[in-house]
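Structure first, then comments.
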Amino acid sequence: MSTSIFGIISSATYILQQYRMRFLLLGQTNVTPGSFFQDYLAGIAQAAQELGHETVAFDSAQIGDASTAEREALYRLVLNHDIDVVIDPCCWGYALSKGRVWDGSSQGEALFDSIDAAYIGLLCDQPYYQPLQGIISNRLYAAVPDLTHAAQIALTLPQLQLRSTCFVPPAARVENDRSVPWSQRDIDLLYIGNLQRDALDRPWRQSPEAPRCDQLADRALASPDVPLHEVMLDMVREEQLVATPDDMTLWLQRVEYFLRARLRQDAVHSAAASGLHMTIVGEGWEAHDRHHWPSTVTIRPPLSYEEFFVLAGRSKMALDASTYLNGANDRIFNLLVNRCLPVTNARGWLEKEFAGQGMRFYSMTHLDDLGALLQQTLSTPLADEMDAARSVALERHTWRQRLGTILDMLRAPT
C-alpha cells in the first residue's frame, strides 16, 4: 500500500502536536516571595522545557478574585498563544477560569473551555482546603500529593466532574542543594514547621458541630497512623450517622487543623527529649513551654524557603510530622537533595518507594520509641546512605517525572 507525502506530513504534524504542548502556569503576586509556591512553578517550567514543551506564565493579584484588567490581559494572552494545558498550583487561580467569551449564547463560554484546554488543579494540601470546586472547566483534572486524596475528593465533592486524578507528590530540585560535607554538619536534628497554638484548644467548641468534632478528634488521636477521612468513615458507620458531603468536609477541616498541630507538638516534644542537638524553626514554639525545653534545643523564628535549604544542608536528620500518611510534603525531597535524612511518620508510600533507605519511619502511636530511633540512627554512618538517597531522588523524583505523570494522564483515554 502506498503512502502519500501528504499522509506522511500529516502524521508527523499530528505527533508534534500531540507531544509539543504549551502550558499556562497560573501564579499569584500576593504569595510570599521565594516560597514553595514559586519553587513549584520554577520546577514545572524547567521540566516542561526539558521535555520539549513551552510555558507561559500569568500572575493574578488576589486568590479567589480576578480584576477586569486581569481578565482582559488573560484573554489577550490566550488569544495570542495556543494554550494546551493550564496548571494551577493550590488551585489559587480558580477565579481566572470563570472568565467567559461570547459564543452566541446569553452566558458565553468559559474561557479555557473555549480553547479546549485541559485544566490541572495541582493540590498542595488536603483536598478539603483547596478550592478545586471553584474551577470552571470541562476538562478538569486533579494532581494530588497523597494516594488517598482521590477518595477524599469523591467523598467531599461528589458532584465534581473530574476527567481523572493522578498522584503527583512534590519533587526534588538540584537547584535547592545547599549541603555541606557530613563532617561539617553541626545540627543533629532539624524540625521546620509552625505550631498553630490556637488549634490546640479545639477551636470548634462553641459551634453546633462541637460534639461530633470532639468525637472525631478523640478517635483520630487514638489512631494517629490512620488517615483522618478513614477514621471519620468508621465513626459514621459505627454511629450510623447521616452525614452529607458538606458535613464531612466541615468535620475534616476543623479536626485536621487541630490534629496537625497536636501531632507536631507531640512529635517535637518527644524528639526534643532525646538529648540530641535539635533546632526547631517556626512560629508558636518560642512561647510554648519556653521554660521546659532541654538545653540541647535551639528555637528559631520562621525562615525563608532559601534559609530552609541552608539549614537542611547543615543537618544530619530532620523530623517530619505529617498528615500526608500516603504521600509526601515538600520538605521530604528538599531534605533528600541536601543529604539530610528525613525521620517521618508518613510511611504509606515513602517506605515502599525508598525501601527504607535514606529515611527512617516512626509511629505516632509509639512516640516513646522515637528518641531511641533518633539516637540509634545518629550513631550509625549515614553519609554514604544519604548520597545514595539523593541520587535516587534526583533520578526518579524530579519535576520532569511529575510532569510526565500529568502528561500520561492527559493522554490516557477517559
Side-chain angles (χ1 to χ4, degrees), residues 19-28 31-59 83-93 117-125 130 141-147 149 164-179 304-306 308-309 312-313 320 322 324 327-340 342 346 349-350 353-354 358-359 389-412:
Y19 288 100
R20 289 185 179 176
M21 295 185 176
R22 182 174 287 121
F23 297 88
L24 173 61
L25 306 183
L26 299 183
Q28 296 286 328
V31 176
T32 303
S35 70
F36 81 91
F37 185 79
Q38 291 86 2
D39 191 66
Y40 278 31
L41 287 171
I44 294 168
Q46 182 182 41
Q49 183 179 19
E50 291 174 356
L51 292 171
H53 304 297
E54 300 177 48
T55 59
V56 179
F58 187 87
D59 294 339
I83 303 298
D84 298 294
V85 182
V86 180
I87 297 184
D88 186 4
C90 302
C91 306
W92 285 344
Y119 197 115
I120 311 297
L122 181 64
L123 302 194
C124 303
D125 205 334
Q130 306 268 262
Y141 299 79
V144 300
D146 188 292
L147 289 168
H149 281 176
S164 190
T165 303
C166 65
F167 177 52
V168 179
R173 295 190 69 212
V174 68
E175 291 81 2
N176 295 342
D177 186 355
R178 304 293 182 273
S179 57
S304 69
Y305 213 51
E306 166 63 27
F308 160 42
F309 305 149
D320 178 50
S322 180
Y324 292 73
N329 56 48
D330 62 293
R331 294 178 182 88
I332 294 294
F333 289 100
N334 282 313
L335 294 171
L336 292 176
V337 165
N338 282 282
R339 300 176 175 86
C340 177
W349 170 70
L350 286 170
E353 186 65 21
F354 285 86
M359 59 185 70
R390 177 183 183 275
S391 296
V392 170
L394 292 174
E395 288 170 4
R396 295 168 43 187
H397 297 284
T398 67
W399 281 111
R400 180 167 180 157
Q401 279 87 24
R402 303 297 189 248
L403 188 58
T405 299
I406 291 174
L407 293 177
D408 288 344
M409 174 178 65
L410 295 179
R411 292 168 183 150

Q: For a side chain to side chain contact (heavy atoms under 4.5 Å, CB included) with Leu41, tell me which candidate from Leu25, Leu26, Val31 qualifies.
A: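 Result: among Leu25, Leu26, Val31, Leu25 is the only option passing the side chain to side chain contact (heavy atoms under 4.5 Å, CB included) with Leu41.
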
How about [X] and [Y]: do any of their side-chain heavy atoms sit closer than 4.5 Å?
{"X": "Pro145", "Y": "Asn329", "result": "no"}
{"X": "Phe333", "Y": "Asn176", "result": "no"}
{"X": "Met359", "Y": "Leu336", "result": "yes"}
{"X": "Asn334", "Y": "Arg178", "result": "no"}
{"X": "Cys90", "Y": "Tyr40", "result": "no"}
{"X": "Ile87", "Y": "Leu403", "result": "yes"}

(Q) The criterion is ring-ring contact (aromatic ring centres under 6.0 Å, His included); which residues satisfy it with Phe58, sequence neighbours excluded? (A)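 Testing Phe58 for ring-ring contact (aromatic ring centres under 6.0 Å, His included), a comparison that skips the adjacent residues, returns none.
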
(Q) Going by the rule ring-ring contact (aromatic ring centres under 6.0 Å, His included), which residues pair with Tyr119 if we only count those two or more places apart in sequence or in a different chain? (A)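 Phe112.
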
Spell out, as yes or no, whether a donor-acceptor pair under 3.5 Å connects the side chain of [X] to the backbone of [Y].
{"X": "Asp125", "Y": "Gln130", "answer": "no"}
{"X": "Asp88", "Y": "Gly121", "answer": "no"}
{"X": "Glu50", "Y": "Arg400", "answer": "no"}
{"X": "Gln46", "Y": "Gly43", "answer": "no"}
{"X": "His397", "Y": "Ala172", "answer": "no"}
{"X": "Gln401", "Y": "Glu395", "answer": "yes"}
{"X": "Arg402", "Y": "Pro170", "answer": "yes"}

Q.
Let's go through Ile44 and Leu122 carefully: what are the C-alpha distance in whole Å and the side-chain angles of both, what is the deciding distance for side chain to side chain contact (heavy atoms under 4.5 Å, CB included) to 0.1 Å, and is it a yes or a no?
A. CA-CA 11 Å; Ile44 294 168; Leu122 181 64; 3.8 Å; yes

Q: Decide side chain to side chain contact (heavy atoms under 4.5 Å, CB included) for Leu51 and Met21; before the verdict, give the C-alpha distance in whole Å, the side-chain angles of both, and the deciding distance to 0.1 Å.
A: CA-CA 10 Å; Leu51 292 171; Met21 295 185 176; over 6 Å; no

Distance (rounded to the nearest 0.5 Å) between [X] [atom1] and [Y] [atom2]:
{"X": "Glu175", "Y": "Asp39", "atom1": "CD", "atom2": "CG", "answer": "8.5 Å"}
{"X": "Thr405", "Y": "Trp399", "atom1": "OG1", "atom2": "CH2", "answer": "10.5 Å"}
{"X": "Thr55", "Y": "Arg22", "atom1": "OG1", "atom2": "CZ", "answer": "9.5 Å"}
{"X": "Thr32", "Y": "Phe37", "atom1": "OG1", "atom2": "CZ", "answer": "11.0 Å"}
{"X": "Met409", "Y": "Phe167", "atom1": "CE", "atom2": "CZ", "answer": "13.5 Å"}

Which heavy-atom pair separates [X] from [Y] by the least distance, and what is that distance?
{"X": "Gly358", "Y": "Pro342", "value": "O-CD, 3.1 Å"}
{"X": "Arg173", "Y": "Val337", "value": "O-CG1, 3.5 Å"}
{"X": "Cys124", "Y": "Phe36", "value": "CB-CE1, 3.9 Å"}
{"X": "Ser179", "Y": "Asn338", "value": "N-OD1, 3.2 Å"}
{"X": "Arg20", "Y": "His53", "value": "CA-ND1, 3.5 Å"}
{"X": "Ala312", "Y": "Cys340", "value": "O-CB, 3.4 Å"}

Q: Any chance you could lay out the side chain to side chain contact (heavy atoms under 4.5 Å, CB included) test for Val86 and Tyr141, step after step, and finish with the verdict?
A: CA-CA 10 Å; Val86 180; Tyr141 299 79; over 6 Å; no

Q: If the plane angle is over 60° it's perpendicular, under 30° parallel, otherwise tilted; pick one for Tyr305 and Phe309.
A: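 The rings of Tyr305 and Phe309 stand perpendicular, inter-plane angle above 60°.
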
**Q.** Arg339 with Asp177: basic N within carboxylate O range, under 4.0 Å
**A.**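 Result for this pair is yes, salt bridge flagged.
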
Q: Might you work through the side chain to side chain contact (heavy atoms under 4.5 Å, CB included) test for Ile120 and Val168, ending with a clear yes or no?
A: CA-CA 11 Å; Ile120 311 297; Val168 179; over 6 Å; no

